[in-house]
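Here is the naming used below: chain letters follow the sequence lines, and residue numbers restart at 1 for every chain. All values below were derived from every heavy atom in this structure, side-chain atoms included, with hydrogens, water molecules and symmetry-related copies excluded. As the structure is a prediction and not an experimental result, all values here were calculated from the model.
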Number of protein chains: 2
Amino acid sequence: MARKPPTNPRKNASQARSRATVDALVEATARILVREGFEKTSTNRIAEIAGVSVGSLYQYFPGKEALVAAVIDRHNHEIMQVVRAALTEVADLPIDKAVRRLVTVAIEAHRIDPKLHRVLAEQTPRTGQLADVEAFNREVHTLVRAYFESRRKEMRKIDIDIATFICVSAIEAIAHNTVLNQAEMLSDKMVRTLVDETTRMVVGYLR
Amino acid sequence: MARKPPTNPRKNASQARSRATVDALVEATARILVREGFEKTSTNRIAEIAGVSVGSLYQYFPGKEALVAAVIDRHNHEIMQVVRAALTEVADLPIDKAVRRLVTVAIEAHRIDPKLHRVLAEQTPRTGQLADVEAFNREVHTLVRAYFESRRKEMRKIDIDIATFICVSAIEAIAHNTVLNQAEMLSDKMVRTLVDETTRMVVGYLR
DNA sequence: ATATAATGCGAGCATTCGCTCGCTTTTTCC
DNA sequence: GGAAAAAGCGAGCGAATGCTCGCATTATAT
């Protein structure tokens, strides 16, 4: 017999049942985004697919944007986890080995869920998540920068910030275009060649 | 006393007045996209800002998407013109000079109208203009590839398609990030340094 | 077992927005 | 000058969709 909207706009989810509801909603949002596109992604439809009522949806999310934002966030966290792991793992390797690994990981990260990645890349601006994406970007830069710093001896005299900016931009773009443009027509051999070449370019640049 | 909707869905614009109307509509669309964002860009609002009635709008454009598509098209043509000019101009230069020029142009192209560029980059997918953008991309690749081919002697043994893909991706991304991330806080000195470094990376990679 | 809080429901209200249609005004052409 | 064609007008229809509200069900606490 309650009713008294959670103090804050909407949020939280303490009991197990409600956490499941939230998960179902986020998952449903992701699925609809991929399968039907952003236009067809209405709150009513999300609720329907999640097997939840619209009312419940609005208990946890202030609106459609928030749902998309949640999906973006989840996906970004998945990617960042992979990237962080790689950068840790690579800390003691020399530049050439390290860069090769990072390039590989960049491509792998984009491959986690290419279709979702594509849709999210399109929708990120709209949801005001640009700031958060920016944050992730900064973290990547910081991590890479730190690695470069620790390997200065192997590198030529160079402005580390600029080198980081250039290398990260280049690697990200190549990974992005590789996965998104070349469709699914990506032979393993092709990937290996691209990794080789990208590594060559970056390593050659750094020293 | 006519009336008999132009045979085709809508289109053409023969008289001077109507061409002006079309221009006003496209221009208004661009302005609203930049100043108010995609959500606020309704056909009613576009007509209002263009100083034209909604009815007239629908005489020339089958819908909102078509308007946005027209803006995208216009912008892409502007950019491609700059790029084509640069590649012609560069045809007889050695690799290092040529790459430097191309990197510079890439940044300049992104600087034509950064705010519009940003919004359009976000909205391109939605308008089904991906195909057209793809076409422009392919043209860039073709042109760059042709240049590389003609300069093979200055380059190491290398797969030209892969080299093109990697170089174009890297240069574009660096230009893009430079203009969009670093906000308007872009000293000329900074730009020069970035051009130097990017050129160094690409040229170093090619030979 | 009973009270209270948490979670869930879904019909329908309100709003936004694309778009049409019947009509007027301007231009062209003889 | 006048007829026909081209261009322009804008109130308002209809569909889509975000979201609310009053009530029902399930969990927790005592």
Parallel, tilted or perpendicular, as decided by the 30° and 60° cut-offs, for the rings of A:F165 and A:H141: tilted

Gap between atoms CZ and C1', on B:R17 and D:dA7 respectively (whole Å): 4 Å

Chi angles and distances behind the side-chain contact (heavy atoms from CB on, under 4.5 Å) call for A:D132, A:I72: CA-CA 9 Å; A:D132 301 83; A:I72 292 175; over 6 Å; no

Atom-to-atom span, CD1 of B:I46 to P of C:dC19 - whole angstrom: 11 Å

Proximal nucleotide (of D:dA7, D:dC9, C:dC9) relative to the A:S53 side chain: C:dC9

A:L57 CG - D:dC21 P separation (whole Å): 16 Å

pair B:F38-B:K64: side-chain heavy atoms closer than 4.5 Å: yes

Toward the 5' end of DNA chain D, by each residue's nearest nucleotide, B:V54 or B:T21: B:T21

Side-chain N or O of B:S56 closer than 4.0 Å to phosphate OP1/OP2 of D:dA7: no

Give every pair of a protein N or O atom and an N or O atom of nucleotides 14-18 of chain C that lie under 3.5 Å apart, one pair per line with the distance.
{"residue": "C:dG18", "atom": "OP1", "partner": "B:K64", "partner atom": "NZ", "Å": "3.4"}
{"residue": "C:dG18", "atom": "OP2", "partner": "B:T43", "partner atom": "N", "Å": "2.8"}
{"residue": "C:dG18", "atom": "OP2", "partner": "B:T43", "partner atom": "OG1", "Å": "2.9"}

Listed partners of A:E108 passing salt bridge (charged side-chain N to carboxylate O under 4.0 Å, His left out), at least two apart: none

Nucleotide D:dT17, atom C1' - distance to CG of A:L67 in whole Å: 14 Å

Flag side-chain contact, heavy atom, 4.5 Å: A:R151 against A:L93: no

Between D:dA5 (P) and B:Q59 (CD): distance, integer Å: 16 Å

Atom-pair distance (CZ on B:R19; P on D:dA6), nearest Å: 14 Å

4.5 Å side-chain heavy-atom contact, B:C167 and B:L206: yes

Of the listed nucleotides D:dA7, C:dC9, C:dG8, the one nearest the side chain of A:V52: C:dC9

